[in-house]
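Notes follow the structure.
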Amino acid sequence: MFRRLWFFVTRWRRLQDLDEEMRLHVELRAAANRRDGLHAEEATRQARLRFGNPLTLREDARDAWGFAELERIAGDLRHAVRRVAQHPARTLVVVLTLALGIGATTAMFSLVDALLVKSAPWNESGRLVWIVGLYGRSASVGNVSYADYVAYRDRTTTLSGVAAEGGTAVAVGSRQPQRVLGGLVSGNYFDVLGIRAQVGRTFASREDSVPGAHPVVVLSHALWTEQFAADQGVVGTRVAINGQPFTIIGVAPDGFTGAAFATDPYQLWMPLAMQGTAMPGRVGLLSDANQGWLRLVGRLRDGVTAVEADAEARVIARQAGAPPANGEPPKSARVMPMRGGLLPWEQDSLAPVFGLVSIVPLLVLLVACANAANVLVAHHTARRREFAMRRAIGGSRGRLVRQLVAESLVIALLAGFAGFVVSSALSAVVVRFGDVPAEVSALLALDGRTFAAATAIAVIAVLLCSLAPAFAATRFEVLPVLKDEGVTSTAARGPARLRRRLVVAQVALSLTLLITAALFFQSLSRTLRVDPGFDPQGLAIVSFDLDLQGYTPERRGAFAGQFLERASMLPGVLSAATTNIVPLGGEMFGGNLVADDGASSRATLARVSPRYFETFGLSVVRGREFSAGEAAADAAVAIVNETLAQRLWPGMDPLGKRVRVTEPAGAWREVVGVARDAKYLSLTEAPMGAYYVPQPLSAAGTLVVRTAGSPRAALASLTDVARDLDPDLPLFSTQTMEERILRTANLQRAVVSLLGVLGALTLLLAWIGIYGVAAHSVSLRTREVGIRMSLGARTADVLRMVLRENLSLAFVGVLIGLGISGAGAIMLASYLFGLTAADTGTFVGGALVLCLASLIASYLPARRAARLDPLLALRCE
Amino acid sequence: MVARSSHHAIPPGTLEMLVLTTLARRSELHGFEIAEAIERASTDVLRVEEGSLYPALQRMLVKGWIVGEWDRTDQNRRARYYRLTRTGRREFERQVDAYQLVTGAIARVLQMA
């Protein structure tokens, strides 16, 4: 193959060589002839005769090189470019139509590629792996403890290095510190990943040996740029982290934010040995073998496969852990090749979701292809006389098809480029309205891979949508077409049938998309209408972390007390409370509860201050809230919600009953109140038990106020109050409850907006398709209409005839579309909240919309037919 | 046309095999020499259709069986000398084996008849 290409490239020199060679042969033969006694002229003549026709031989030789084929293709392409340029309108329609489909598909490709496929720059060899722990009966994937890390690091023979990373929020800076995500990493971390410092150096292994001994930090490129003005001189200086001085030893290269590039980016890195300083609230993690908090990254040794490393990791995990208690399966581990930018467990759980979502752009692409095919069929049909003529003078059908495909390829390249542009626009829209986190939107940045993908998709799509039209357009008997002056409906039957099928497919697919989009939209609006159990309006939330500031418990209590008191006195504030966790943030603490009579149940756990329920507007249906005294003394009292009460003491009065948390074992507490059920993790969750215990002021981390005015304004005042109390305390998660709730529906909102936009696009495409077919068939039947009208058909008859033909197509499409969407809805049922039989309305509505669209699309050409002047129509063509 | 009557044209498809055989015996030859060698070796029974030798040589070049290098003849003329590549030698052996197998079979059939 390469040799052939090489021959092609060097073909001029080769032809000259061949000519020279053949000339030599004839001369030598002539010389031999002369030696045999022939005189000069005759000798040359005989030599030429014996040699044969050099021109034919030259052609034969060229065939041997396979040039002829290549040269013919080049000719086809030149011709195709000319034709494409000759019909700018048609080219524009086809290219734009395809660009929409290609753009949608490419945008999705770039996202899936970044999250699940593309290797990080530091993993180009693909030798990096994740090591995750497998826990419990279900072998769920999780982080590993420091002790397990040491076991893997020291015992592995399949990996050339094992590094660990664990994230924690830290406060950086001494005045007005900034809260950032820091990584606690092993001393070999940068070496295993193969990351070199951009400025300064990375950790030496001795800096990770003695706990607390080496307060050193490597800054991320982003933090270095934002906080230190990209000053190379910061290396060697000190910066306060959680109030403790750390020496900056280096800056990581731009783009490196941790091993998994599509997740929360680390802003700085500290040695694992500094864990106590970095996480003052959880001192001792390094020695606690039961706390899994580290992600492990390993580099495979040369010649070792991930499977071998996996087998070894399982053995190490089993040996490292304590023998399992009471029938629990032994601890195990899994080695997973590092792919994409997601965390190992996300890799597993997100893949099917993306697979599902990817279907939608493909549907759009199919509809767009159908449309483009339609335009091409119409166009080819108009050229049948030209084709017939070429066939008559000896052109083969294959050659015609090839030329049409060449035209399509030129269109494909244009469409690929346009699709790339559309895809960047679509990505921008998704980022803008889908509230996509910055790290993910950075992944949507389009690169060479995306462009290659767009072009590949374009070529495949165009071949798909041009082969059938090309074959259809060239399948005919030559003579009838040539003899026939006009192209009558009979002659164009083959292509017409194809076009009708395409319309049916378009209608079906766009109906499917519309219905699916509507189902998701309804699911979203139902979700947002769900009563969270409390009143989200007027709630403002701020969080703070006093541990990181080095507060003693006494100072913590004093601060929280003052903050709470001044917050309650702010104008408009009706009530204020503190808690350790606010519902509907996607996470809650969970625990197992046991009642004094032995019943047990799982529930979410929260520590709340007095007036918490009042502030949230969450009614306490029996009993009372916690008192200030109970909170201060951490009294042995508890409040349960209705669901938990029902589960622990069915049919009984829960007040006065005793309950406690098992694992970790808590004290027995007396139930003093029953609160209404609320939503805790998400709005769509099933009723869940909830268990509240009093929170002393010293443990407060989040302040919630209910205001009569605007909660946004309240947030500003709260920030002022906090700054007044401690200018160095960073506040985080400042938001109103309504914002928080909207955010829980982010993914759904993104899906709905994507589906909505794409659904509308396909509806438009389908409409254009129907209109095109109707208009074309009317123009082909002008003469027939003329005859009918001169024989007495009325305007209404003609109208009905044309409409019937087109609407019947639409009906078939609608029926098929209803079938597909029905099946789709069943498949998607788990993603649709509150899907019921009542949603048949959506199906009916979607079908009506498409019928109406088809009616309009076919009415316009039908009216034109009906208004024809019979005389003109008869003379037409 | 006198020449045609006294010689037999080469059976179709065997030209490449003859070229391979010739080049296998004599290391480097140019086109005219190959044609002469085939004629001489067959004691003038087989006559190469001289012109068609060149497309055949090109086909073999494309397949990588032979390579050609420009050099000077004894009379100091520029000529392209061909020789077998390793692939070409393997192909030669393969073709000779196949040929002998077939001719042997045909000969046996003819004897039986």
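Chain letters run A, B, ... following the sequence lines, proteins first, then strands; residues in each count from 1. No hydrogens, no waters, no symmetry mates; every other heavy atom, side chains included, goes into these values.
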So how far is it from B:E33 CD to A:L28 CG, rounded to the nearest 0.5 Å? 8.5 Å

What's the separation between atom CG in B:L53 and atom CD in A:E21, rounded to the nearest 0.5 Å? 8.5 Å

Identify the two heavy atoms, one from B:A79 and one from A:L24, that lie closest to each other, and give their separation to 0.1 Å. CB-CD2, 3.4 Å

Going by heavy atoms in the side chains, are A:R58 and B:Q58 under 4.5 Å from each other? no

Report the residues that fulfil side chain to side chain donor-acceptor pair (under 3.5 Å) with A:R83, sequence neighbours left out, ordered by chain and then residue number. none

Kindly assign one of parallel, tilted or perpendicular to the pair A:F51 and B:Y54, based on the angle between their ring planes and the thresholds 30° and 60°. tilted

Among residues 68-77 of chain B, those lying within the under-4.5 Å heavy-atom range of chain A are B:W70, B:R77

Taking all heavy atoms of A:H25 and all of B:G31, pick out the closest pair and write down the distance. ND1-C, 4.1 Å

Which portion of A:N53 sits near chain B, non-hydrogen atoms under 4.5 angstrom: neither

Residues, nucleotides or ligands: over 12 heavy atoms within 6.0 Å of B:Y81 OH: yes

Residue A:E41 excluded, over 12 heavy atoms near CD under 6.0 Å: no

Look at B:R59, B:R78, B:H30 and state which one has the largest set of heavy-atom pairs under 4.5 Å with chain A. B:R78

